[in-house]
Structures are given as C-alpha cells and as structure tokens.
Amino acid sequence: MSKPNLTEILTHLGEDHEKYFNAVAPPIIQSSNFVFHSVEEMRNAISDELNHHIYTRGNNPTVNILRKKIAALESAEDALVTSSGAAAIAASVMSQVKAGDHVICVNKPYSWTYKLLSNLLTRFGVEVTYVDATSIDEMKSAIKSNTTVLYLESPNSLTFEISDLRACAKLAKEHGLVSMIDNSHCSPIFQRPIEMGIDIVIHSATKYLNGHSDVVVGVIASSKNIIRQIFNSEYMTLGLNISPHDANLVIRGLRTLELRIKRSDETAHKIVSFLKAHEKIEKVIFPLDPDYPQYELAQSQMTGCGGLVTIVLKANDKASVMRFVESINSFLMAVSWGGYESLMIPSITFHDMPGQEDSPIPWTYVRLYIGLEDADYLIEDLNKALSKI
Ligand SMILES: *Cc1c(COP(=O)(O)O)cnc(C)c1O
C-alpha cells in the first residue's frame, strides 16, 4: 500500500461538508439512534451494522469520521474506536483466543495488559508466556500447538526494548499466530506496523492521537475481516464505544498530531543530549539515541521516537531522588503522557508502598515525557533540580 498522505488524512479524510450544512468543522452527532424510512432500509442496515448508523453503541457518524482517519493513518483496511486503550487491548486479544489457547507476550507490557493476560484471561482458561521482547529465538521457542497470539509493544513500556517487527510478523505468519502491537509510543507518524506485516495495531489514543490530556480513548486498526470479527463480538457485547463528543475531541486533536509529535521528538533529542552530558545522570534510555543498544533496529523501523525518555539518576540515597523530583516545576508529576504538557513518573513511587512488592524498576529511574514546551525552559528546570541530588 502506498504511504498515506498525512496532510489529507488529518485535515480532510472522512469528512463530508455537504452532509452538515457545509460546516468546515464536523458537528457532534449526539444521538443514540437513527431513523429508517422503510423496513427494507432498516433490514439492510441491520445486516451490516459495522457500516450503517443504527445505534451509537455500534456506529455513529462522528465516530465514523475518526475510524476512517485511524485506518488510513495505520495503512489498515478498517478501524474501531473504543472507550479506552485498555478496552482496545482487551477486545483485540479476546477476539483471538478461547479456553485452552495460549498467548505469547513481551516481558513487562503496559500494566493493565499484564493484568488482562495474567489475571482476567487465566480465569477463562487462556495461558500466557512472557518473553524477552528483543529475542526472536525466545519467541519462537515459546510457541506451542495451542498458541494463537503474539502480543508486542515496541518500544516496550518504561525501558523501551525494541522488537524486530518484520521478523515478528514473519514468525507469526509461519506459525499461524495473529500478531498484534501496542503502537502508542511512536504513533502512526513514526511507526506503521501493518506495513511491516503485523496484523492488529492498537493505541491508547488518550496519548498522542488525542494529545490534549482531556479524553480517555483507544483504537484498533486491522483488516476488514478482523475488525468485523471484533465488532460483532467484543465491541458490541461488551459495549466498548466512545461518545460522539469524545470522538470529536480526538478528530480535533488529530489536526495537529504530526506537528505535536515532531515537536515533542525534536525537544526530546535536545534534552537527551543535555542529560547525557550531565554528571548526575547515570544513563539515558531513548531508542533513537546512537548509544542505545538497539539503535540500528530502531532506525530500521521507526522514523522518529516521540517524547518518552527514561533517565537513571546517579543518586546514593532515596532522599536525593525525592529532592530531585519534588523540585522540578516544569514537568508535572502525573501518570499518562502524549499531551501538550511535560510529565514525569518517578519509579521511587512504586517502592516502599505499604502492602505491595517493590517495582522491579530501580528507584533511581524516572520516566520523563517531553511535551510541547520550549527546550531551554525544560533544560533550565532540569538542571536546577539535578543540582539537588
Ligand atoms: C496508557 C497506555 C495504555 C492504556 O490506555 P488507556 O487509554 O489509559 O486505557 C496502553 N498502552 C500504553 C503503552 C499506554 O501508555
């Protein structure tokens, strides 16, 4: 498939001004249901609910504009928009397993993906094996006669391991597995897994796709057959739709997706250079940094990285880590990422929590998300905070 024209997708695709009084911006069709004028017309719609407007749990004109844009962005035949990224992940995995089946997933995926596979699906007799995301051999050895899914996240959460997507797609095809990837990190601007042979692409659209920290939303992009299968089972029965109002906010967010993620990526590179040279920094983890161990692989499948950067502080005690994170003003301490604002999650939060095991990620790690602010403003603040260590 030829590379989609980004400008056209983000600005025009799926929009039909004549259908709504020639308005430039699409309206929010805030209606739960839609009228038919004959039994024939109603029958026709009900026999193909995915492509008709009957009821907003299934399809809605505002949500449908978003579906078309997402599919085109990921070079997919079709797409669904869900109430969260977690819903998109659960629906995609559940659509490909039944009791007795086996899933292979990369080590330490996004926390709720882990809970889906290790807690929820095990109740229904689905097994999971976690493998090193960087090792095709390990993935291959984990395949059993009942394996149906290969689940990837590349770059992986927090420490950003990269999986060779072309090799993973090939392995999955050879063994009849459905390959799927959480592509939230790079967004379709910087990585298009379907073009490399992956079957299903999932996003937490809460992150870059919406980009304004005001909606929780997920998307699934895949072939017509797989999308129809998910729609007719998980999507409709579990009620995974988003509201037309939220869909409209994401359409608005997409207008600037390319500008936002490129700005975030460019600033991240500047901040990585600053941090690598700083005496209080042990290590900077950023897949498109030439010192990153999988730099060449990252370059071969990603055209950019975005704003996630993990740093390891040269700190001898927890108190100095606390002083560092609590003296930063420009990075808000908050979960999530992909919005206009810079954020950070210190790993130390997940240490010494009453009644809980410590996180396997050491307490010297801090994940930064670089938003849209000026690089110098962020660097000055980081510099000041690092002096507190
Ligand atoms: C946030 C996130 C999710 C979950 O998405 P929600 O929209 O919060 O449900 C999944 N994967 C990754 C990599 C995330 O960062």
Side-chain angles (χ1 to χ4, degrees), residues 1-15 17 24-26 62-76 78-79 81 85 88 154-155 160 165 181-196 198 201-215 217-221 246-272 286-289 298-309 336-343 368-375 378:
M1 206 175 283
S2 67
K3 234 181 150 80
N5 179 334
L6 270 179
T7 317
E8 188 189 349
I9 297 168
L10 301 175
T11 313
H12 300 300
L13 187 91
E15 302 179 44
H17 309 286
V24 167
T62 310
V63 178
N64 208 40
I65 293 174
L66 185 53
R67 278 179 57 198
K68 288 187 176 149
K69 289 186 192 288
I70 298 296
L73 282 171
E74 284 293 0
S75 305
D78 204 350
V81 181
S154 182
F160 312 145
L165 298 187
I181 182 170
D182 181 333
N183 196 32
S184 309
H185 190 121
C186 286
S187 96
I189 303 296
F190 290 149
Q191 179 167 274
R192 299 222 184 82
I194 287 176
E195 293 176 3
M196 293 181 257
I198 300 291
V201 171
I202 303 157
H203 287 271
S204 168
T206 312
K207 313 297 164 53
Y208 273 123
L209 298 183
N210 179 58
H212 291 74
S213 303
D214 49 12
V215 180
V217 58
V219 301
I220 307 168
D246 282 355
N248 198 261
L249 285 170
V250 183
I251 291 167
R252 179 186 176 133
L254 283 182
R255 306 290 186 204
T256 55
L257 171 65
E258 186 187 10
L259 300 178
R260 287 185 287 104
I261 195 169
K262 286 188 172 162
R263 162 85 173 190
S264 178
D265 182 76
E266 196 181 302
T267 310
H269 276 94
K270 291 182 189 160
I271 289 182
V272 167
F286 185 68
L288 286 183
D289 174 55
Q299 272 197 316
S300 74
Q301 58 190 32
M302 295 155 57
T303 55
C305 195
L308 287 171
V309 177
S336 197
W337 52 276
Y340 54 89
E341 77 290 18
S342 290
L343 300 171
L368 302 176
Y369 164 69
I370 317 298
L372 304 182
E373 303 91 335
D374 187 53
L378 297 173

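Side-chain N or O atoms of R260 include none that pairs as donor or acceptor with a backbone N or O of H212 at under 3.5 Å. Judged by distance alone, the side chain of Q191 and the main-chain N or O of S154 form a donor-acceptor pair under 3.5 Å. In terms of modelled atom types and a separation under 3.5 Å, the side chain of N248 and the main chain of T62 share no donor-acceptor contact. Looking only at distances, a side-chain donor or acceptor of K69 sits under 3.5 Å from a matching main-chain atom of L13. Without hydrogens or angle criteria, T256 side chain to G253 main chain gives a donor-acceptor distance under 3.5 Å. Checked by atom type and distance alone, the side chain of E258 never pairs as donor or acceptor with a backbone atom of L6 at under 3.5 Å. Checking side-chain atoms of S264 against main-chain N and O of L372 turns up no donor-acceptor pair under 3.5 Å. At distances below 3.5 Å, not a single donor-acceptor pair connects side-chain atoms of E195 with backbone N or O atoms of S75.
When all heavy atoms are compared, the tightest approach of C305 to D265 is N-OD1, 2.8 Å. Nearest heavy atom pair, residue S213 against residue G339, reads OG-CA, 3.8 Å. Residues V250 and V215 approach most closely at CG2-CG1, 4.4 Å, considering heavy atoms.
Residue-environment remark: CZ (R263) exceeds the threshold of 12 foreign heavy atoms within 6.0 Å.
How far CG of L368 is from OG of S342: 8.5 Å, rounded to the nearest 0.5 Å.
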(message) Determine whether E15 and K68 satisfy the following criterion, salt bridge (charged side-chain N to carboxylate O under 4.0 Å, His left out), listing intermediate values before the conclusion.
(response) CA-CA 9 Å; E15 302 179 44; K68 288 187 176 149; over 6 Å; no
